[in-house]
Protein chains: 2
Amino acid sequence: MTTTIHDVARHANVSAATVSRVLNSRTDVASHLTERVLASVATLRYRPNGAARSLRTRATTVLGVIISDITNPFFTSMVRGVEDAAQTAGYSVVLANTDEDLDKERRYLEVAVAEQLAGVVLSPASSHHTRLDVLTDRGIPVVTVDRRLRDRSIDSVTVNNYRAAFDATGHLLEQGCRRVGVIAGPAATTTGSRRLAGYRAALRAFDVADDPAHVVHGDFRIDGGRSATLELLARGEVDGLLVSNNLMTIGALEALAQTGHQIPDDLAVVGFDDMAWAGAMRPPLTVVTQPTYEIGRRTADLLLRRIRGEELPPQRIVLPATLAVRQSSLRAAPMR
Amino acid sequence: MTTTIHDVARHANVSAATVSRVLNSRTDVASHLTERVLASVATLRYRPNGAARSLRTRATTVLGVIISDITNPFFTSMVRGVEDAAQTAGYSVVLANTDEDLDKERRYLEVAVAEQLAGVVLSPASSHHTRLDVLTDRGIPVVTVDRRLRDRSIDSVTVNNYRAAFDATGHLLEQGCRRVGVIAGPAATTTGSRRLAGYRAALRAFDVADDPAHVVHGDFRIDGGRSATLELLARGEVDGLLVSNNLMTIGALEALAQTGHQIPDDLAVVGFDDMAWAGAMRPPLTVVTQPTYEIGRRTADLLLRRIRGEELPPQRIVLPATLAVRQSSLRAAPMR
DNA sequence: ATGAAAGCGCTAACAC
DNA sequence: GTGTTAGCGCTTTCAT
């Protein structure tokens, strides 16, 4: 039927133990035996049985990636980076969606344990309520991505959200906007809270009053972005808008079109997270771009180091996010 | 350490075999024992070890989804449908990207075998060259999605691409366009070839000459769409454009903006595959919409039936794709 | 340096 | 109906 390690052993005239040693690249095997084994593996097209291996070793070579929404292009691009890094190291990747739901998140963390995943990349639903003990108790490493936890002992890879939001808001103020609204993310996420904090800091820096009416929270999804924007407009006119993620930006643009606002003349817009189509829009969209693929790679690299057992202090890797200025935020008569 | 089936057996005062029977919901266990076992499972928070199970049964409860590009929103939405259906049936899902590369595809099919996946959802890189024997020889069911194989014995779930392209092209012709270009997909894929065939049929139906200069092939990616469009424009003016998938549409729009074409006045545009942002674009984009999530669900349902061993003739499920007319294709003075 | 043998946690024959 | 037993394919002591 399927060829096992014993078939290879017989073919190479060695014991199964020796084949196993060769396959796990241990150095204590005579080189002529190594060659013979490798040759047999090749001719028999032998593939080790993953189930048997992980039953025995109590570990797999599978990484879990638990994110809120696989249809969000930010995450898919990030996942690509994780996949590539994992692949190179001989690991495969499984994905799960939480929909920002703490219950679903907890369930998937348990699955990760049951499946004995080698490690987990997590974009936590909440900086305070997400509990990782299930994993850490059993020594399964976790790295959070895009967002952090309050718990500083957990590795994370993020961008400087505060700074990015500060710059984006500053850019709108430099363009002459004085009533700048923000569609903020869920307060439970660090992307939500840090970006809002950056926005507020920019207002202060420019001596512009921080009007509570100018802040509306959305849920990082399209519909939420649309309704939050309509709510904001209902509270009074604004002349600039910062939207805290990509999907909400789509909703916001729909709302603005629907209410007859001209961009950037009536209202200058800056979104968060570049998207493949941001440049194809009319007017092209000014956004905070994140190195999504790189974020994924770095996250996976860090996770793999933990899996290998490297001892390092808790890492908080921060990558740069930069403002890509396009027409949606450029006003005719900018202020100096 | 971790609780095993024997711990549960001891706690419930039965044999491991009985616990196994209960867990696999076999009917030949006395109901009072079933209760006791279930209670023990709950109090001990027992989770069966997947590795041990699949080592024994030579099968997993994992589905593989092998697609060309996880960053393409068509596929992610489809994958959501697969995930939800799989989840309900107690299966989990792993993803892989082929980048339309036959080698990569073959490699992942081998991984599917090695990992003893229960079944595979595949969007084949080529209708002629993709070989599925690796899987079918070992009884691993496959359903192709989005695209078909020449081999009619393989189940598939697609939309009626021919008809959809026919309608989309017909719509452009009804709008008065007479020089309609098409950015076609890779000829190796059925989505590429069927959509092109539908386009040609519409030209015939409207008695419009089929100018070879109006057909350019792209690779289903953004850059390919951009360069194909520039190539098309270089060959001579067109007044209508059909783009055969979503990512190429983004590239096409960039090319049109860059060359100063006004949509829809200079050139009416219809894209394929709805995207969350199609309605947020100015002008809103006319596209062929596919029931992506539903496609995923139906695919998974079919695959799960095959996994359960149901005997049915080869299925070729065809779901409806419909034209969502928005402004990008609406001309001032349409022809009747 | 290499082989023999035990056992990871589970299910499927086979007894009873 | 339920328990006993063997063994899935691999790695890892422990001898040699």
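Residue numbers begin at 1 in each chain, while the letters A, B, ... track the order of the sequences.
Closest approach to the B:Thr4 side chain among C:dC10, C:dT11, D:dT11 is made by C:dC10 (side chain taken as heavy atoms from C-beta onward). With D:dG9, D:dT4, C:dC10 as the choices, the nucleotide that has an atom nearest any side-chain atom of B:Arg53 turns out to be C:dC10. Here the side chain of B:Thr57 is nearest to one of C:dA12, C:dG3, C:dG9, namely C:dA12. Taking only side-chain atoms of A:Leu55, from C-beta outward, the nucleotide of D:dT12, C:dG9, D:dG3 with the closest atom is C:dG9. With C:dC10, C:dG3, D:dG9 as the candidates, the nucleotide lying closest to the side chain of B:Arg58 is D:dG9.
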What verdict does the side-chain contact (heavy atoms from CB on, under 4.5 Å) test give for B:Val93 and A:Val94, after you've listed the backbone C-alpha separation in whole Å, the side-chain angles of each residue and the deciding distance to 0.1 Å? CA-CA 7 Å; B:Val93 170; A:Val94 310; over 6 Å; no

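Between A:Arg107 and A:Asp101 there is no salt bridge, since none of the side-chain N atoms of the basic residue sits less than 4.0 Å from a carboxylate O of the acidic one. At a threshold of 4.0 Å, the pair B:Arg298-B:Asp301 does not count as salt-bridged, since none of the basic side-chain nitrogens sits closer than that to a carboxylate oxygen. B:Arg147 and B:Glu100 are joined by a salt bridge, as a carboxylate oxygen and a charged side-chain nitrogen come within less than 4.0 angstrom of each other. Under the 4.0 Å criterion applied to side-chain N and carboxylate O atoms, B:Asp137 and B:Arg131 are not assigned as salt-bridge partners.
At whole-Å resolution of the value, CZ in B:Arg47 and P in C:dG9 are 17 Å apart. Distance CG (A:Asp28) to P (D:dT16): 19 Å, rounded to an integer number of Å. If you measure from atom CG of A:Asp7 to atom P of D:dG9, you get 9 Å, rounded to the nearest angstrom. Here the P atom of nucleotide C:dA5 and the CD1 atom of A:Ile5 are 17 Å apart, to the nearest Å. Per the geometry, CZ belonging to B:Arg26 stands 12 Å off P belonging to D:dG1, to the nearest Å. Look at CZ on A:Arg10: it is 12 Å from P on D:dC10, rounded to the nearest Å. A:His6 has its NE2 atom 10 Å from the C1' atom of C:dA4, to the nearest Å.
Between B:Thr18 and D:dG3 there is a side-chain N or O to OP1 or OP2 distance below 4.0 Å. For A:Asn24, a side-chain nitrogen or oxygen approaches OP1 or OP2 of D:dT11 to under 4.0 Å. The shortest distance between the side-chain N/O atoms of A:Ser20 and the OP1/OP2 oxygens of D:dT12 is not below 4.0 Å.
Counting non-hydrogen atoms under 4.0 angstrom, B:Ala30 reaches the backbone sugars and phosphates but no base.
Of the two residues near DNA chain D, B:Val29 and A:Asn49, the one whose nearest nucleotide lies more 5' is B:Val29. Of the two residues contacting DNA chain D, namely B:Val14 and B:Arg56, the nearest-nucleotide position lying further toward the 5' end is that of B:Val14.
The base of C:dG3 is paired with the side chain of A:Arg21 by a donor and an acceptor separated by under 3.5 Å.
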